[in-house]
Amino acid sequence: MYIEQMYTGCLSEAAYYIESNGEAIIIDPIRETEPYTEISERRGAKIKYVLETHFHADFVSGHIDLAAKTGATIVYGPGATPEYDAHIAKDGEILELGEIKIKVMHTPGHTPESSCYLLFDKDGNEHAVFTGDTLFVGDVGRPDLAIKSDLTEKDLAGMLYDSLNRCIKILPDNVIVYPAHGAGSSCGKNIGKETFSTIGEQKKNNYALQDMTKEAFVEVVTEGLSAPPKYFFMDAGINKKGYKSIDSVMEDNLKLLEPNDFENAIKADDALLLDARNQDVFELGFIPGSINIGLDGQYAIWVGTLLDANKKIFVIADPGREYEAVLRLARVGYENVSGVLMGGIENWKKAGKKIDTITSIEPSELKELLKSNINILDVRNKGEWSTGVLDGAELSCLSDIDNKIESLDKNKKYYVHCAGGYRSMIAASIMKKNGINNVVNIHKGMTGIKKENIPVLEPSN
């Protein structure tokens, strides 16, 4: 038996390759098929099943393309109603793979069709459970992502309570827990940094697995849920209905345009300019109106959170990373790229085209500035504010930046920071695109601010 976790950092997503006696299963694959076909070919195995734990909301799964290319059977648990060929397993159904077996466990709660997969080794011992978004390290799946359901989040939270007690908490303590997500995913409230654990560790440390009434569980699981990213329900719908093959999407979306053609195209359309370069390079020169979401961070997640999927997107990336920039958009269902700048920003500059810049300062420079009355915008998440905020800072999550802009004064100067500098540059670029031209980014964010021993306070809200 061989198990490999295949983790995609920019999505905080874990897919799994399981193999026994030349047969393989893939659980929750991302959009492109190559990682899975390559590992199976390298190991001389045939992919027999593609298991889906539920209709994913935060990425487009590669299950349909992978099944088409390998002949594997797509499997969902009870209650799933995909609009393409798939095997809908019964609760408790056993799938055989070489010398091992996998039991389907229907665990509704995160979504009505959510299921976990319990793996038995060749000796019949319960070895690992693949929990999808039902159970994470330190957390459970949020119960408000059902597609067009009459069930409320409290209804689903109650179902999740039953699923955890009926299927998960009764497993032996040494069973390995392999979830579908790690820290950074919006599918949970506060997922731990580890990407796997054990049942025993989770029963001890996960707040949601402690002994409590159903009423108390529902209250704690639904408390403090922020609005899900706006692309979530779009992606869940895509995963349910089906999609164009990733090969077709890439062929249609990867259109390299020379600067003149690129300039004409962005003038002709109500377009979004997405600059996928590192934030420290972006600030030195970019096409006016560009939004910076760098490939070296949670690129796809922030695109899906902040950009309108119905608008045409034009991409600026470092030469050699154009394919990656477009592919990672397709992973979250953004298949509307109308052009990619050939040769990157340097080619744009050589053609004599206009550029814009954003000023940044070091945290050390902030010390002196704080002696006067400056406008500070903190775009970290609510949970991060509890670790300390700058005196007088306005607090607004990056995910809410479009609404926040309406209340900002275009005649004022704003200093923007996050935890490390990635999100603050996203915010600064969006602010500048919306006419707030006097915006300054604070390099290294709160991490750098604390290193300079600049005082921080407890948030007032």
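Bear in mind the structure is a predicted one, so any value in this text is a computation, not a measurement.
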Side-chain ([X]) to main-chain ([Y]) donor-acceptor, under 3.5 angstrom:
X      : Y      : result
Ser424 : Gly421 : yes
Ser163 : Pro108 : yes
Ser338 : Phe314 : no
Lys367 : Ile454 : no
Asn292 : Asp275 : yes
His106 : Pro112 : yes

*Would you call Arg423-Glu384 a salt bridge at under 4.0 Å N-O?*
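Here Arg423 pairs with Glu384 in a salt bridge, since their nearest N and O are under 4.0 Å apart.
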*Should the pair Arg328-Glu324 be classified as a salt bridge under the 4.0 Å nitrogen-to-oxygen rule?*
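Yes, this pair counts.
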To the closest 0.5 Å, what do you measure between [atom1] ([X]) and [atom2] ([Y])?
X      : Y      : atom1 : atom2 : result
Asn381 : Ser226 : CG    : OG    : 7.5 Å
Leu273 : Ile287 : CG    : CD1   : 6.0 Å
Thr33  : Glu38  : OG1   : CD    : 8.5 Å
Asp28  : Met6   : CG    : CE    : 13.0 Å
Glu322 : Leu254 : CD    : CG    : 7.5 Å
Glu452 : Ser364 : CD    : OG    : 5.0 Å

Between the side chains of [X] and [Y], is a donor N or O closer than 3.5 angstrom to an acceptor N or O?
X      : Y      : value
Thr111 : Ser114 : yes
Thr222 : Glu153 : no
Ser248 : Ser245 : yes
Asn278 : Tyr422 : no

If we only count heavy atoms from C-beta on, is the [X] to [Y] side-chain gap below 4.5 Å?
X      : Y      : result
Ser290 : Ile316 : yes
Ile246 : Leu327 : yes
Val137 : Gln202 : yes
Asp318 : Leu295 : no
Leu51  : Val104 : no
Ile405 : Ile436 : yes
Leu370 : Ile376 : yes
Asn441 : Gln279 : no

_With Glu19 via side-chain hydrogen bond (donor to acceptor under 3.5 Å, both in side chains) - residues at least two apart_ =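 Applying side-chain hydrogen bond (donor to acceptor under 3.5 Å, both in side chains) to Glu19 gives Tyr17, Arg43.
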*asked:* Among residues at least two apart in sequence or on other chains, which ones pass side-chain hydrogen bond (donor to acceptor under 3.5 Å, both in side chains) with Lys432?
replied: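 Testing Lys432 for side-chain hydrogen bond (donor to acceptor under 3.5 Å, both in side chains), a comparison that skips the adjacent residues, returns Asp356.
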Listed once per pair and sorted, the salt bridge (charged side-chain N to carboxylate O under 4.0 Å, His left out) pairs that draw on [range], sequence neighbours left out:
range            : answer
residues 226-239 : none
residues 287-303 : Asp296-Arg321
residues 286-295 : none
residues 58-72   : Lys69-Asp247

[X] atom [atom1], over 12 foreign heavy atoms within 6.0 Å:
X      : atom1 : value
Lys451 : NZ    : no
Asn373 : CG    : no
Glu83  : CD    : yes
Asn190 : CG    : no
Glu362 : CD    : yes

*List the steps and the verdict of side chain to side chain contact (heavy atoms under 4.5 Å, CB included) for Val140 and His110.*
CA-CA 8 Å; Val140 290; His110 174 63; over 6 Å; no
Report, one line per pair, each donor and acceptor closer than 3.5 Å where one atom sits in a side chain of residues 389-397; sequence neighbours left out.
unit_1	atom_1	unit_2	atom_2	d
Glu394	OE1	Lys404	NZ	2.6

For the residue pair [X] and [Y], what are the closest heavy atoms and their distance?
X      : Y      : value
Phe232 : Ser186 : CZ-CB, 3.8 Å
Pro82  : Ile88  : CD-CD1, 3.7 Å
Val129 : Cys116 : CG2-CB, 4.1 Å
Tyr36  : Ile47  : O-CD1, 3.8 Å
Cys10  : Gly297 : CB-O, 3.8 Å
Lys193 : Ala183 : CA-CB, 3.9 Å

*Qualifying residue for side chain to side chain contact (heavy atoms under 4.5 Å, CB included) with Phe262, from Leu257, Asn347, Val315*: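 For Phe262, the side chain to side chain contact (heavy atoms under 4.5 Å, CB included) test succeeds with only one of Leu257, Asn347, Val315, which is Leu257.
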_Set of residues satisfying ring pair (Phe, Tyr, Trp, His ring centres under 6.0 Å) with respect to Phe55, sequence neighbours excluded_ =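 Residues passing ring pair (Phe, Tyr, Trp, His ring centres under 6.0 Å) with Phe55: Tyr76.
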Which residues pass the salt bridge (Lys or Arg N to Asp or Glu O under 4.0 Å) test with [X], not counting sequence neighbours?
X      : result
Asp144 : Arg142
Lys189 : none
Glu13  : none
Lys353 : Glu263

*asked:* Ring-plane angle category for Phe196 and Tyr178, please: parallel below 30°, perpendicular beyond 60°, tilted otherwise.
replied: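 Rings of Phe196 and Tyr178: tilted, 30 to 60°.
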*Qualifying residue for side chain to side chain donor-acceptor pair (under 3.5 Å) with Ser61, from Glu52, His54, Arg31, His56*: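 Result: among Glu52, His54, Arg31, His56, Glu52 is the only option passing the side chain to side chain donor-acceptor pair (under 3.5 Å) with Ser61.
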*asked:* Go through it in stages, so that I can follow the logic: the residues are Leu145 and Asp133, the test is side chain to side chain contact (heavy atoms under 4.5 Å, CB included), and I'd like the CA-CA distance, side-chain angles, deciding distance and then a yes or no.
replied: CA-CA 11 Å; Leu145 299 180; Asp133 289 18; 5.9 Å; no
